[in-house]
There are 2 protein chains.
Amino acid sequence: MSVMTHHISGNCADCPIRHRAVCARCEQDELEELESIKYYRNFEAGQTILWSGDKMGFVGTVISGIASLTQTMEDGRTQMVGLLLPSDFVGRPGRDGSAYDVTATTDVVMCCFRKKPFETLMAQTPHIAHRLLEMTLDELDAAREWMLVLGRKTAREKIASLLSIIARRDASLSPNGPAGPMVFDLPLTREAMADYLGLTLETVSRQMSALKKDGVILLEGKRHVTVPDMGRLMEEAGDDSDGGLMA
Amino acid sequence: MSVMTHHISGNCADCPIRHRAVCARCEQDELEELESIKYYRNFEAGQTILWSGDKMGFVGTVISGIASLTQTMEDGRTQMVGLLLPSDFVGRPGRDGSAYDVTATTDVVMCCFRKKPFETLMAQTPHIAHRLLEMTLDELDAAREWMLVLGRKTAREKIASLLSIIARRDASLSPNGPAGPMVFDLPLTREAMADYLGLTLETVSRQMSALKKDGVILLEGKRHVTVPDMGRLMEEAGDDSDGGLMA
DNA sequence: GGCCTCAATTGATCTGGGTCAAGGCATATA
DNA sequence: TATATGCCTTGACCCAGATCAATTGAGGCC
């Protein structure tokens, strides 16, 4: 496999709506078809959804919780290569194996489709293929955006980039609109942040403290973040024009 | 835009063959259609093919030469996010703008299709969309593979990873089959290598010298490389199981 | 030959972030 | 109340790779 993620606009609280989102233009018939091959799966925090190299028998979307895609070297070094948030798509039509470990970072509920029928359906309905192509292109943009972060940014800029992406993704949580302060809870441990950013957890912790001391963010407890000024945060990220990994 | 690259198997010396490669299963009619909207463009080494943010009016494949996708920060730091080798596809059906600078690293010849007609054709022929989806998924895998390189590997491992990818891509150039020594010319300056690997050109140079001193590679001049033992090189890359950026 | 220019090498020094190690602070278990 | 466990913070030190700088070498051109 390889995994695709994409934030589909619209209501993501229930699965059938997501079917519509997967293919906004497809007819009721196709939705029915999708309905008939869907099923739900639950995963606990820390549980591995899919091992790298496994053949995977399903594709699906994350309904709730956070999952992550990680690659690991023999000596244990790991790099997170993608974050899956609710409404993101998992799976690779046309491929058997997974290229990464897919792990539930929090408790996760997924809505799955058996792979074979899904592929059959996709072959019959061009709109689904087009939608998947679009999603994959967005994923590719996001991955490449992240290559700049990993290759060229300082630790402080990396942290600011991650916070800014999460904040943007959770724009709905802003109490006073996108211009006002942003408030959100970090869905990741310091270690997970480090794996995403190509840093150590100690450096993540230090830079979080530094951003706090400098008033770029406010921290309540370890996870609850307030960003008084998004513009300032994005400056810190070294990134005016912007594109988010989570598309 | 965003750009997709993929090494299509088969003869890449002439353009019509590549049309067939874009859609191996499409009928003659479709090839004819593609023929009628194609045209060639030449670019000199160093020339920018497409600026980030530009609307792009074409898609196409690289016929000869090397092009690269780069992202640049305001202060000048740059990261290469993709390499386009002959037979690789450029363009993003369905999107207008480019997200990256596309630059000719050497002299480049491209076979282009005007974007609109290509999209129309794609909408009519599902096989093309499927092929593009596959290519994009490969690109995504490659980009994520590279995230591990950028985030977690040492300078020496990064260099070895790059050499091993180029060597594998040029497997045909091995005089004694894939098991024998590999010989190839580096298509990149030290600086371009550095931009790809998230290093400085000095570090690239030092690590090349080190790999040479340790017998991992032989250097004739600055660009002509012999790899006596590919297994050794891949060990140095910290990468037994393997996936190539250039898919 | 002499003189550019551009790519690459090599040396000397500095520093951001890694590494190792010691707590702190919750929530959980007894 | 004690005790463990998971997550996080902070400090002290070190080193891989960045930075600054000098030099070499291979064409190309007059």
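Throughout, protein chains are lettered first and strands after them, A, B, ... in sequence-line order, and every chain is numbered starting at 1. Keep in mind that what you see is a predicted model, and the values were worked out from it rather than measured.
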request  = Check whether the side chains of Asp101(B) and Ser52(B) place a donor and an acceptor atom closer than 3.5 Å, and report yes or no.
outcome  =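 No.
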request  = Not counting sequence neighbours, list each pair that qualifies as a side-chain hydrogen bond (donor to acceptor under 3.5 Å, both in side chains) and has a residue in residues 215-228 of chain A.
outcome  =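 As it turns out, the side-chain hydrogen bond (donor to acceptor under 3.5 Å, both in side chains) pairs with a partner in residues 215-228 of chain A, which skip direct neighbours, are Asp185(A)-His224(A).
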request  = Identify which one of Val109(B), Val108(B), Asp107(B), Ile63(B) satisfies the side chain to side chain contact (heavy atoms under 4.5 Å, CB included) criterion when paired with Asn42(B).
outcome  =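 So, applying the side chain to side chain contact (heavy atoms under 4.5 Å, CB included) to Asn42(B) and each of Val109(B), Val108(B), Asp107(B), Ile63(B), only Val109(B) qualifies.
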Calculate the interatomic distance between [X] atom [atom1] and [N] atom [atom2]; express it in whole Å.
| X | N | atom1 | atom2 | answer |
| --- | --- | --- | --- | --- |
| Lys213(A) | dT9(D) | NZ | C1' | 15 Å |
| His224(A) | dC8(D) | NE2 | C1' | 18 Å |
| Arg190(B) | dT24(D) | CZ | P | 19 Å |
| Leu186(A) | dT9(D) | CG | P | 10 Å |
| Glu220(B) | dG25(D) | CD | P | 17 Å |
| Leu219(A) | dC7(D) | CG | P | 18 Å |

message = So for atom CD, which belongs to Glu202(B), do other residues, nucleotides or ligands contribute more than 12 heavy atoms lying within a distance under 6.0 Å?
response =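 It does: Glu202(B) CD has more than 12 such atoms within range.
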key: Donor-acceptor pair, side chain of Lys153(A) and main chain of Leu148(A), under 3.5 angstrom   =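 No, because the side chain of Lys153(A) does not come within donor-acceptor range (under 3.5 Å) of the backbone of Leu148(A).
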Interface limits on DNA chain C, where chain A has a heavy atom under 4.0 Å of a nucleotide atom =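 Contact boundaries, 5' end first: dG17(C) to dC20(C).
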query = Phe184(A) ring centre to Arg169(A) NZ or CZ under 6.0 Å, with the angle to the axis within 45°?
reply =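 Not flagged: Arg169(A) not positioned over aromatic ring of Phe184(A).
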task = Go along nucleotides 11-18 of chain D 5' to 3' and tag each nucleotide: B for a protein heavy atom under 4.0 Å from its base, S when only backbone or sugar atoms are that close, - otherwise.
result = BB----SS
Taking every non-hydrogen atom, the tightest pair across Thr203(A) and Ala155(A) =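 What the structure gives for the nearest pair is CG2-CB, 3.7 Å.
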Any side-chain heavy-atom pair of Arg77(A) and Thr72(A) under 4.5 Å =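 No, side chains not in contact.
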